[in-house]
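Structure first, commentary second.
Since this is a predicted model, take the numbers as computed values, not measurements.
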Amino acid sequence: MKYDLSDRVVIGIASSALFDLADCDAVFREQGEDAYRRYQEAHVDDVLDKGVAFPFVRRLLSLNDLAEPLDPLVEVIILSRNDPDTGLRVMRSIAAHGLHISRAVFRQGRSSHRFIRALNMSLFLSASGSDVREAVADGLPAGHVLATERVDDDTDRELRIAFDFDGVLAGDSSERIFRTAGIDGFRAHEVLNAATPHDPGPLKDFLAGINRIQRREEEERRRDPAYQPRLRVSLVTARDAPAHERAVRSLKQWGLRVNDAFFLGGIDKAAVMSALDPHIFFDDQVAHLTGTAPATPSVHVPFGVVNAPHPGPE
């Protein structure tokens, strides 16, 4: 029977984002592919440790208890540069950790991002910055997970997701205005265009999928008043008044929503993230993520003008 992905939230994830592959990668870098294959074969039954995106994925998959077992809300698919043989350890580790992930794409030594659209994915996560940059350059929704020191609390059932706005949920047109006209020009432009929605950014469709799950939670709460919604979404942006209005109105005109909004106007995001404690945070600027990543699972979305390569001296 055909398995239709069109109405599901589909996430693609590299094994490097889901698990801690530091030891495996060291073998590959220092000893080459043949040694790596032997290493993985010798350790095929050794369960891989959890990686940066593991808490996010585990909680997202847990929301499938809101649906029928054969018709899940969320589908997570492995996209890996491993070949099928060395990928066995990944799949066995998935089973050992109790994750309901059954679908995978293994492409020996090759990037898999060209299959993101084919598999209806609204997000691809990897610890390989080069793979993510290639995907984003092709117009695909991808993020580079950064190392973190956060220790997950397994007893916390809530899933908290935080997004930056420009270059993540929205395009980068306003960022371009800021770079050419400065903060005053940016604010004047946003006030003038407050009623005009932004062009969508790379993760707009992912938020739309998350909102669909939130609506399912609302239905469950109406059916059972004791049900406590587990999914919460925050907007955390450097915008402040009066530029905040266009962001709010864009979300509304897209038919999307967030539970919380932080318009920080240049306040360091790291302190806010420490208090908010999301399980994943998406931002397009490395300068912001350098502060958040140690305590918050952070994802760099290398989109737009802020991530364009700077020309060298002539």
Atom of [X], atom of [Y] and distance for their closest heavy-atom approach:
X    : Y    : answer
R160 : L276 : NE-O, 3.5 Å
S93  : F19  : CB-CZ, 3.7 Å
L125 : A53  : CD1-CB, 4.2 Å
S173 : H198 : OG-ND1, 4.0 Å
L63  : E217 : CD2-OE2, 4.0 Å
L289 : S298 : CD2-CB, 3.6 Å

Would a hydrophobic clustering, with Ile, Leu, Val, Met, Phe, Trp and Tyr connected at side-chain separations under 4.5 Å, put [X] with [Y]?
X    : Y    : answer
I13  : F206 : yes
L18  : V9   : yes
I177 : V305 : no
V105 : V90  : no
V286 : V145 : no

- Task: Apply the test salt bridge (charged side-chain N to carboxylate O under 4.0 Å, His left out) to residues D138 and R114: give CA-CA distance (whole Å), side-chain angles for both, the deciding distance (0.1 Å), then the verdict.
- Result: CA-CA 9 Å; D138 286 345; R114 69 180 62 184; over 6 Å; no

- Sort out for me which residue in N193, V191, L251 forms a side-chain contact (heavy atoms from CB on, under 4.5 Å) with R246. N193

- Item | Test applied, side-chain contact (heavy atoms from CB on, under 4.5 Å); reference residue, R150; option that passes from D277, V52, T296 | D277

- Does NE2 in H100 sit with more than 12 non-hydrogen atoms of other residues, nucleotides or ligands closer than 6.0 Å? no

- Item | salt bridge (charged side-chain N to carboxylate O under 4.0 Å, His left out) between E41 and R38, intermediate numbers included | CA-CA 5 Å; E41 183 176 356; R38 291 193 298 271; over 6 Å; no

- Reported CD-to-CZ distance for the pair Q228 and R221, which is rounded to 0.5 angstrom: 7.5 Å

- So CG of D49 and NE2 of H97: to nearest 0.5 Å the spacing works out to 6.5 Å

- Given the rule in the side-chain contact (heavy atoms from CB on, under 4.5 Å) test, do D172 and V306 qualify, once you have shown the distances and angles that lead to the verdict? CA-CA 8 Å; D172 70 334; V306 297; over 6 Å; no

Assess whether a salt bridge exists between [X] and [Y], defined as any Lys/Arg side-chain N lying under 4.0 Å from an Asp/Glu carboxylate O.
X    : Y    : answer
R92  : D46  : no
E220 : R223 : yes
R212 : D7   : no

Check: [X] side chain, [Y] main-chain N or O, donor-acceptor pair, under 3.5 Å:
X    : Y    : value
S62  : R59  : yes
E158 : R232 : no
R8   : P72  : yes
H144 : S126 : no

- Query: With distance as the sole criterion, is a donor-acceptor pair present between the side chains of Q40 and N82 under 3.5 Å?
  - Reply: no

- Message: Distance alone, cut at 3.5 Å: any donor-acceptor contact between the side chains of H43 and D23?
- Response: no

- Task: Taking the six-membered ring of Y3 (Phe, Tyr or Trp), confirm whether the NZ or CZ of R103 is under 6.0 Å from its centre and within 45° of its axis.
- Result: yes

Under 3.5 Å donor-acceptor pairs involving side-chain atoms of residues 163-171, not counting sequence neighbours:
{"from": "D164", "atom 1": "OD1", "to": "K269", "atom 2": "NZ", "distance (Å)": "3.2"}
{"from": "D166", "atom 1": "OD1", "to": "R239", "atom 2": "NH2", "distance (Å)": "2.8"}
{"from": "D166", "atom 1": "OD2", "to": "R239", "atom 2": "NE", "distance (Å)": "2.7"}
{"from": "D166", "atom 1": "OD2", "to": "R239", "atom 2": "NH2", "distance (Å)": "3.4"}

